[in-house]
Amino acid sequence: KSAKQYDLLVTTKSFELDQYAEVADPGKVHLTTQAYAAELHRPPEPLPPKKAAATFIGLCEPDREACIDALLKARVPVRVGGRGWEKFLAAHAANPDLQFIGQNVFGDEYVSEYASAMVGLGLLSKRFPELHTTRTFEIPAIGTLLATERTADTDRFLGDDEVLFFDSYQELAAQLNGWLGSPEKVSEVATRGYQRVISGGYDYAAVLGAVLRRLSLLT
């Protein structure tokens, strides 16, 4: 009810624009992207050794369990971190291809874990129609190959030669089994993804700077 009192309404959710238009002047709505922290999300020095084929750090959700399960069935080694994974871990306790990093994986540890993966899983939440996430930018900025669903957002941010797109978890598993035998290809695509993201204005300073310029608070 108070939306009309604001000078600018900022959202990262393109699917919410119609809802914003119902309560405020569309000219006062600013659609932006999620972002990464340039001072944190960058290739660590020295680079850590590779620990797993694929890594995901985030809240456990049924759809994310389905993804990890599909990879494990295809014998793709996976490391997971975050909250809510207890039941899934118990169900796969005898599987040597699954390793648990811990519940609280933040900051430098977050960066190190994704940097030590051949592929970083940028899984989207299914609790709402998420089209991209902070991982969409954080993983490439760290220098690791991003694997993500193809959406209207991710397809706009990254090209086919800069990311590993997939439309199903079975397709992802099959692609990973092929790609992991070609580390040079993985490195080449990861490098292009890294260059695209760091030159694309997706860091927090750039994203917030655009908001401030929209309000004439920054030149």
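Computed from a predicted model, the values in this text were never measured in an experiment. We count residues from 1, following the sequence as given.
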Side-chain donor-acceptor distances from residues 87-96 under 3.5 Å, at least two apart:
unit_1, atom_1, unit_2, atom_2, d
His92, ND1, Phe88, O, 2.9
His92, NE2, Asp69, OD1, 3.1
Asn95, OD1, Asp97, N, 2.9

Does the [X] side chain pair with the main chain of [Y], one donor and one acceptor, at a distance under 3.5 Å?
| X | Y | answer |
| --- | --- | --- |
| Lys50 | Met118 | no |
| Ser187 | Pro183 | no |
| Glu171 | Asp167 | yes |
| Ser199 | Gln195 | yes |

Quiz item: Going by the side chain to side chain donor-acceptor pair (under 3.5 Å) test, which pairs reach into residues 144-156, not counting sequence neighbours?
Solution: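 Output for this query lists Lys126-Glu149, His132-Asp153, Arg150-Asp155, Arg150-Asp160, Thr151-Thr154, Asp153-Arg156.
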State, to 0.1 Å, how close [X] and [Y] come at their nearest heavy-atom pair, and which atoms those are.
| X | Y | value |
| --- | --- | --- |
| Gly201 | Ala206 | O-CB, 3.6 Å |
| Ala54 | Leu71 | CB-CD1, 4.3 Å |
| Arg83 | Leu59 | O-CD1, 3.6 Å |
| Arg214 | Leu8 | CG-CD2, 3.7 Å |
| Ala52 | Val78 | CB-C, 4.5 Å |
| Pro140 | Gly193 | CB-O, 3.8 Å |

Enter the distance from [X]:[atom1] to [Y]:[atom2] here, rounded to the nearest 0.5 Å.
| X | Y | atom1 | atom2 | value |
| --- | --- | --- | --- | --- |
| Glu22 | Leu17 | CD | CG | 11.5 Å |
| Glu138 | Thr136 | CD | OG1 | 8.5 Å |
| Leu121 | Arg135 | CG | CZ | 9.5 Å |
| Ile101 | Ser112 | CD1 | OG | 9.5 Å |

With no hydrogens and no angle check, just 3.5 Å: does a side-chain donor-acceptor pair link [X] and [Y]?
| X | Y | result |
| --- | --- | --- |
| Tyr194 | Glu162 | no |
| Arg75 | Asn177 | no |
| Gln34 | Glu130 | no |

Determine, using the 4.5 Å side-chain heavy-atom cutoff (strictly less than), whether [X] and [Y] are members of one ILVMFWY cluster.
| X | Y | result |
| --- | --- | --- |
| Leu124 | Leu164 | no |
| Leu158 | Leu131 | no |
| Leu146 | Leu40 | yes |
| Ile198 | Val111 | yes |
| Tyr114 | Tyr204 | no |

Quiz item: Would Arg64 and Glu61 pass as an ion pair if we require N to O under 4.0 Å?
Solution: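 Yes.
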Within the structure provided, determine whether [X] and [Y] are in side-chain contact (heavy-atom separation under 4.5 Å).
| X | Y | value |
| --- | --- | --- |
| Cys67 | Asp63 | no |
| Gln175 | Gln170 | no |
| Thr12 | Thr33 | no |
| Val163 | Val189 | no |

Quiz item: Is it true that atom CG of Asp161 has more than 12 heavy atoms of other residues, nucleotides or ligands lying nearer than 6.0 Å?
Solution: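 Above 12, so yes.
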Quiz prompt | Non-neighbouring partners of Gln19 that pass side chain to side chain donor-acceptor pair (under 3.5 Å), sequence neighbours left out | solution =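 Gln19 satisfies side chain to side chain donor-acceptor pair (under 3.5 Å) with no residue once adjacent residues are dropped.
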Self-check item: Pairs involving residues 4-36, ordered by first then second residue, that meet ring-ring contact (aromatic ring centres under 6.0 Å, His included) (sequence neighbours left out)
Solution: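 Applying ring-ring contact (aromatic ring centres under 6.0 Å, His included) to every pair that reaches into residues 4-36, excluding sequence neighbours, yields nothing.
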Self-check item: Hydrophobic cluster partners of Val23 (side-chain heavy atoms under 4.5 Å)
Solution: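 Val23 shares its hydrophobic cluster with no other residue.
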Self-check item: CA sep, side-chain torsions, deciding dist, call: Val197, Asp203, side chain to side chain contact (heavy atoms under 4.5 Å, CB included)
Solution: CA-CA 8 Å; Val197 165; Asp203 62 285; over 6 Å; no
Quiz item: Would Leu72 and Ile68 count as a side chain to side chain contact (heavy atoms under 4.5 Å, CB included) if you check the C-alpha gap in whole Å, the side-chain angles of each, and the deciding distance to 0.1 Å?
Solution: CA-CA 6 Å; Leu72 293 175; Ile68 305 305; 4.1 Å; yes
Quiz item: Under the side chain to side chain contact (heavy atoms under 4.5 Å, CB included) criterion, do Ile57 and Phe106 qualify, and how do the steps go?
Solution: CA-CA 9 Å; Ile57 300 170; Phe106 304 114; over 6 Å; no
Practice problem: Return the set of residues passing ring-ring contact (aromatic ring centres under 6.0 Å, His included) with Tyr202 (not counting sequence neighbours), or none when no residue passes. | Solution: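 Tyr202 satisfies ring-ring contact (aromatic ring centres under 6.0 Å, His included) with Phe137, Phe157 once adjacent residues are dropped.
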